[in-house]
**Q** 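One structure, as structure tokens, below. Some questions next.
Position 1 is the first residue of the sequence; numbering continues from there. Keep in mind it's a predicted model, so treat the numbers as computed, not measured.
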Amino acid sequence: MKKIVLLSSLTFLVAISLSLFTNQAISNPEGAPAGNTGSPADGTTCSKSGCHSGTPTIQAGIITSDVPTAGYTAGTTYNITVSLTGTGKKGFQVSPQDMNGSVIGSLIAGTGTKVLGNKYVTHSAAKSTASCTWTFKWVAPTAGTGDVTFYGAFAITDKSTRKSTLVLTEASTVQSVSNELAAKIILYPNPGIYTIFAEF
């Protein structure tokens, strides 16, 4: 009888241990909790929020966009893509923020993502394939905002995490004089005085 009780107790403890291990391994399969992008204002990543362990590795190129090399234009909607590779369940959280933690521009969820409090975008379902991508939309802020930094934290497994940033510049708003207009500027000499007439 004692052996049966002992065996039942051990089985129960093993089942609880496996359950706890499984929950920890998948962490937040339906999206990371807000505030874990590793930005200066957030201060934490998924590896320091209790979801994952280990120190995140800094890796460039995880966040990409279709913003032209000349820069973003105010009010224009762009695609932002997160790409992760490796073995294990993967997830992320990204936010475009200033140094005070205010969101810059606005976020629109894409397939497999969701927006938290208008400030963060995260996975809505973890992915396990060797190569994973998520795409969401970003509406650029008002003119004169300047550079925008996207901060991101990424999990590949329970113990393998990454950090990455993407800096997008604003397209120049200074317009140069066109060749056509320049051709219409005429100089008339007057003794010692030059007057510029421009045809518009």
Side-chain angles (χ1 to χ4, degrees), residues 14-67 72 77-99 101-140 147-168:
V14 168
I16 289 176
S17 298
L18 286 174
S19 172
L20 290 173
F21 175 76
T22 302
N23 287 338
Q24 184 182 15
I26 61 172
S27 297
N28 290 288
E30 297 175 357
N36 293 294
T37 64
S39 73
D42 289 344
T44 61
T45 66
C46 49
S47 68
K48 295 183 179 179
S49 63
C51 299
H52 298 271
S53 59
T55 302
T57 303
I58 297 172
Q59 182 178 333
I62 296 177
I63 313 168
T64 57
S65 78
D66 63 358
V67 172
Y72 70 83
T77 302
Y78 297 100
N79 293 306
I80 308 296
T81 302
V82 169
S83 302
L84 292 174
T85 58
T87 303
K89 288 194 175 180
K90 300 167 192 67
F92 76 97
Q93 184 174 103
V94 169
S95 180
Q97 297 180 20
D98 64 17
M99 294 302 288
S102 297
V103 68
I104 303 176
S106 54
L107 299 166
I108 302 168
T111 303
T113 68
K114 61 184 178 182
V115 175
L116 306 173
N118 299 321
K119 184 175 177 180
Y120 302 96
V121 63
T122 186
H123 60 281
S124 58
K127 294 186 179 183
S128 297
T129 55
S131 181
C132 301
T133 60
W134 294 268
T135 300
F136 57 94
K137 295 187 181 299
W138 173 67
V139 182
D147 292 357
V148 176
T149 302
F150 282 76
Y151 297 91
F154 314 90
I156 296 175
T157 64
D158 182 46
K159 296 179 181 178
S160 179
T161 59
R162 307 281 188 272
K163 282 192 338 181
S164 192
T165 58
L166 171 67
V167 178
L168 298 177

**Q** Where do Val148 and Pro96 come nearest, in terms of heavy atoms and distance?
**A**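 In terms of heavy atoms, the two residues are closest at CG1-CB, 3.9 Å.
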**Q** Which label fits Phe150 and Trp138: parallel for a plane angle under 30°, tilted from 30 to 60°, or perpendicular past 60°?
**A**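 Ring orientation, 0 to 90° scale: perpendicular.
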**Q** What is the distance from atom OH of Tyr72 to atom CG of Leu168, rounded to the nearest 0.5 Å?
**A**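 CG of Leu168 is found 8.0 Å from OH of Tyr72.
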**Q** Using a 3.5 Å distance criterion without hydrogens, assess whether the side chain of Ser128 forms a donor-acceptor pair with backbone atoms of Lys90.
**A**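 No, because the side chain of Ser128 does not come within donor-acceptor range (under 3.5 Å) of the backbone of Lys90.
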**Q** Less than 4.5 Å apart, any side-chain heavy atom of Tyr120 and any of Ser95?
**A**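 Yes; the side chains approach each other to less than 4.5 Å.
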**Q** Distance check, rounded to the nearest 0.5 Å: Thr64 atom OG1 versus Ile80 atom CD1?
**A**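 Taking OG1 in Thr64 and CD1 in Ile80, the distance rounds to 8.0 Å.
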**Q** For a quick test of reading the model, state the closest non-hydrogen atom pair linking Ser164 to Ala60 and the distance between them.
**A**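 The answer is OG-CA, 3.9 Å.
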**Q** Without hydrogens or angle criteria, can the side chains of Thr85 and Ser131 be said to hold a donor-acceptor pair below 3.5 Å?
**A**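 Note: Thr85 and Ser131 side chains miss the donor-acceptor criterion.
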**Q** Any non-hydrogen side-chain atom of Lys137 less than 4.5 Å from a side-chain atom of Leu107?
**A**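 The answer is no, as the side chains (C-beta and beyond) never meet within the 4.5 Å cut-off.
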**Q** How about Ser124 and Thr113: do any of their side-chain heavy atoms sit closer than 4.5 Å?
**A**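 With C-beta onward as the side chain, the pair stays apart.
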**Q** What do you reckon, is CG of Asn118 surrounded by more than 12 foreign heavy atoms closer than 6.0 Å?
**A**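 Atom CG in Asn118 is not crowded, with 12 or fewer foreign heavy atoms closer than 6.0 Å.
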**Q** For a quick test of reading the model, state the closest non-hydrogen atom pair linking Ala41 to Gly101 and the distance between them.
**A**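 Taking Ala41 first and Gly101 second, the nearest heavy atoms are CB-CA, 3.3 Å.
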**Q** Quick check: closest heavy atoms across His123 and Gly91, and the distance to 0.1 Å?
**A**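 Of all heavy-atom pairs spanning His123 and Gly91, the closest is ND1-CA, 3.3 Å.
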**Q** Quick one: CD1 on Ile63 to OG1 on Thr81, what's the gap to the nearest 0.5 Å?
**A**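 Interatomic distance, Ile63 CD1 to Thr81 OG1, rounded to 0.5 Å: 10.5 Å.
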**Q** Determine, step by step, whether Ser65 and Leu166 satisfy the side chain to side chain contact (heavy atoms under 4.5 Å, CB included) criterion, reporting the C-alpha distance in whole Å, the side-chain angles of both residues, the deciding distance to 0.1 Å, and the verdict.
**A** CA-CA 9 Å; Ser65 78; Leu166 171 67; 4.1 Å; yes
**Q** Donor-acceptor pair, Gln93 side chain versus Asn36 backbone, under 3.5 Å?
**A**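 Flag set: sc Gln93 to bb Asn36 pair under 3.5 Å.
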**Q** Quick check: do Gln97 and Lys119 have side-chain heavy atoms less than 4.5 Å from each other?
**A**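 In short, these two side chains touch, coming nearer than 4.5 Å.
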**Q** Considering only heavy atoms from C-beta outward, does the side chain of Ile62 approach that of Arg162 to under 4.5 Å?
**A**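 Yes, side chains in contact.
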**Q** Could you check if a side-chain atom of Val94 sits within less than 4.5 angstrom of a side-chain atom of Phe136, using non-hydrogen atoms only?
**A**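 Touching, per the 4.5 Å side-chain cut-off.
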**Q** Given Phe154 and Thr161, is the side chain to side chain contact (heavy atoms under 4.5 Å, CB included) satisfied, shown in steps?
**A** CA-CA 6 Å; Phe154 314 90; Thr161 59; over 6 Å; no
**Q** Quick one about Thr37 and Asp42 (side-chain donor to acceptor, distance below 3.5 Å, no hydrogens or angles considered), yes or no?
**A**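 Indeed, the side chains of Asp42 and Thr37 share at least one donor-acceptor pair under 3.5 Å.
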**Q** Does some side-chain heavy atom of Thr122 sit less than 4.5 Å from a side-chain heavy atom of Leu116?
**A**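 Side-chain contact under 4.5 Å: yes.
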**Q** How long is the gap from NZ on Lys89 to CD1 on Ile156, to the nearest 0.5 Å?
**A**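 It is 15.0 Å, given to the nearest 0.5 Å.
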**Q** If I take atom NZ from residue Lys163 and atom OG from residue Ser39, how far apart are they, to the nearest 0.5 angstrom?
**A**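 Lys163 atom NZ to Ser39 atom OG measures 9.5 Å (nearest 0.5 Å).
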**Q** Is it the case that the side chain of Asp66 and the backbone of Tyr78 share a donor-acceptor pair, with hydrogens and angles ignored and the cut-off at 3.5 Å?
**A**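 Answer holds: no.
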**Q** I'd like to check Trp134 versus Leu84 (side-chain heavy atoms, cut-off strictly below 4.5 Å). Are they in contact?
**A**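 In short, these two side chains touch, coming nearer than 4.5 Å.
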**Q** Looking at Ile108, I want to see if its CD1 is surrounded by more than 12 non-hydrogen atoms of other residues, nucleotides or ligands under 6.0 Å.
**A**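 Atom CD1 in Ile108 is packed in, count exceeds 12.
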**Q** Kindly say whether Val121 contributes a backbone atom to a donor-acceptor pair with the side chain of Lys114 at under 3.5 angstrom?
**A**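 Checked: no pair found.
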**Q** If I take atom CD1 from residue Ile104 and atom CG from residue Asp147, how far apart are they, to the nearest 0.5 angstrom?
**A**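 Interatomic distance, Ile104 CD1 to Asp147 CG, rounded to 0.5 Å: 9.5 Å.
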